[in-house]
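Here the structure is laid out as structure tokens; the discussion comes afterwards.
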Amino acid sequence: MNKDFKLVLSKSKTLMQVVSLVDRTLMRIRNNQERDDFNIINSFHSAKTHLEDLEKQASSVFTHDVFKCIFREIMKEAHITQKQGTKCHEDGSRLYKVSVYKRPDFEHTVTYYPRKETESAADPIMVCSCGMFEYRGVSCSHMFSVMKNENIFHLHKSLIVKRWSRDARSVCEILYPNKEMPQEAVQVSSMYGALTADCNRLCFYASKMQEGYNMLNMEIDRLAAIMEGLARDQEKVQGTATSTKKGFIVRDPVPSKTKGREKSDKKNEPSRRTVTCGYYKGGGHNIQTCPVRKEHEKAEAGLGSDDPPLVATPAKRTVHCRNYKQAGHTYVTCKKTL
């Protein structure tokens, strides 16, 4: 499901497009589940291998896709050979060493515990060194070889993983409490339905004439006001009767802490950093507004503290004639050229 939604969701889609795509994705997932359920319930496998009893049990217990994997492992069992005799231990376990036909170096060890009383797949009665049952939940061909040597005709409960079985969904179903509708609610709904039917018939005949429409409209307003007053009186009576009982009050949700630094009012918050002058390392001002610097600059210029500051004026440019190299005029205004 996560893979399907990852393909649907992207930044380039609008909200309406995302809603329609999610709806179609959920519909496709439900369709696939219904199709798989139909195939599981209405499909029956015919025995084709030499381990007929184990094959029939696997086809009736596991789902269709998992049974295909088990069917391949049963077929592989025909090429499994026992490398040496069975070793028995003090705890009653039996050790088998098996290998593949024409590949004697490719061997595995299967430990069988016939006395173990367990029904959990986490502690099975058979353990193979290939680890297929641990990471896939399916018995390997080496285990089927040991079952054939031990004359085991049915899979043990510890070798059946619940999540691969046909009744896995029934195990995961949520059992809701059986709460019947109160008698008062049933009575109210029945009265509402009866009144609705009568009003429909009344409105049908009144809508055929203008006089009947006006009369019914006035009567409906009058009756609605009377019924509203009766309902308020009944609510007051019920409210006084149940005032001593503690009811369920819906309150504001608990605010959750978000990521990042908490927001604060910067205007009222004191400044964390003290401004320091870069001229004489004093505090409270910077180098631009430093009074000491201004006094020193005036002293170097030869002015008092009360004298106005000197303003430097740019020098005027002297104009020269291009032909006669004389100052005071240009080539255009030169009298000799004219």
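- Note that the OG atom of S141 and the CD1 atom of I70 stand 12.5 Å from one another [nearest 0.5 Å].
- By the rule that hydrophobic residues join a cluster once side-chain heavy atoms approach within less than 4.5 Å of another member, L54 and V61 end up as members of one cluster.
- For M75, the CE atom counts as loosely surrounded, since its 6.0 Å shell holds 12 or fewer non-hydrogen atoms of other residues, nucleotides or ligands.
- D23 places no side-chain N or O within donor-acceptor distance of the main-chain N or O of V19, the cut-off being under 3.5 Å.
- A 6.0 Å sphere centred on CZ of F204 holds no more than 12 heavy atoms belonging to other residues, nucleotides or ligands.
- With hydrogens and angles disregarded, a donor-acceptor distance shorter than 3.5 Å links the side chain of R166 to the backbone of S59.
- Remark: M218 CE is loosely packed, at most 12 non-hydrogen atoms of other residues, nucleotides or ligands lying under 6.0 Å away.
- In this structure, CD1 in I74 is found 6.0 Å from CG in L51, a value given to the nearest 0.5 Å.
- For K116, the side chain to side chain donor-acceptor pair (under 3.5 Å) partners two or more places apart in sequence, or in a different chain, are D123.
- Taking all atoms of both residues into account, the shortest heavy-atom contact from C140 to C130 is SG-SG, 3.6 Å.
- Dense packing is recorded around NE2 of H50, with more than 12 heavy atoms of other residues, nucleotides or ligands lying under 6.0 Å away.
- Side-chain N or O atoms of R293 include one that pairs as donor or acceptor with a backbone N or O of Q288 at under 3.5 Å.
- Here the side chains of E73 and E77 are not in contact, with every heavy-atom distance at 4.5 Å or above.
- Atom OG1 of T63 is separated from atom CZ of R163 by 10.5 Å, given to the nearest 0.5 angstrom.
- A heavy-atom distance below 4.5 Å is found between the side chains of S139 and F144.
- Using a 3.5 Å distance cut-off with no hydrogens or angles, the side chains of T289 and N286 do pair a donor with an acceptor.
- Counting only distance, with no hydrogens or angles, the side chain of T109 and the backbone of S129 share no donor-acceptor pair below 3.5 Å.
- With N31 contributing its side chain and M27 its backbone, the two residues share no donor-acceptor pair below 3.5 Å.
- Contact check on K56 versus E52 returns a salt bridge, with a Lys/Arg side-chain nitrogen under 4.0 Å from an Asp/Glu carboxylate oxygen.
- The shortest distance between side-chain heavy atoms of I152 and Y112 falls below 4.5 Å.
- Contact check for V161 versus F62: no side-chain heavy atoms found under the 4.5 Å cut-off.
- Counted within 6.0 Å of CE on M16, heavy atoms from surrounding residues, nucleotides or ligands total 12 or fewer; the atom is thus considered open.
- The distance from the CD atom of E107 to the CD atom of Q82 is 12.5 Å, given to the nearest 0.5 Å.
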Apply the test side chain to side chain contact (heavy atoms under 4.5 Å, CB included) to residues S145 and H142: give CA-CA distance (whole Å), side-chain angles for both, the deciding distance (0.1 Å), then the verdict. CA-CA 5 Å; S145 178; H142 315 116; 5.6 Å; no
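- Counting only heavy atoms from C-beta outward, the side chains of M147 and L155 approach each other to under 4.5 Å.
- Closest of all the heavy-atom pairs between C277 and C290 is SG-SG, 3.6 Å.
- With hydrophobic clusters built from ILVMFWY side chains whose heavy atoms lie under 4.5 angstrom apart, F71 does not share a cluster with V66.
- V127 has its side chain out of reach of V110: every pair of non-hydrogen atoms, C-beta onward, lies at least 4.5 Å apart.
- Criterion: ILVMFWY side-chain heavy atoms under 4.5 Å apart, direct or through other members. Under it, I287 and V292 are part of a common hydrophobic cluster.
- Within the 4.5 Å cutoff, side-chain heavy atoms of R24 are placed close to those of L21.
- Side-chain contact between L216 and L202 is present, with heavy atoms from C-beta onward closer than 4.5 Å.
- Under the 30°/60° scheme for interplanar angles, the aromatic rings of H108 and F106 are found to stand perpendicular.
- Here OG1 of T111 is found 9.5 Å from CE of M143. Values are rounded to the nearest 0.5 Å.
- Contact check on R222 versus E219 returns a salt bridge, with a Lys/Arg side-chain nitrogen under 4.0 Å from an Asp/Glu carboxylate oxygen.
- Pairing each heavy atom of P104 with each of K102, the nearest pair is CD-C, 3.6 Å.
- Within the model, atoms CZ of F67 and SG of C69 stand 11.0 Å from one another, a figure rounded to the nearest 0.5 Å.
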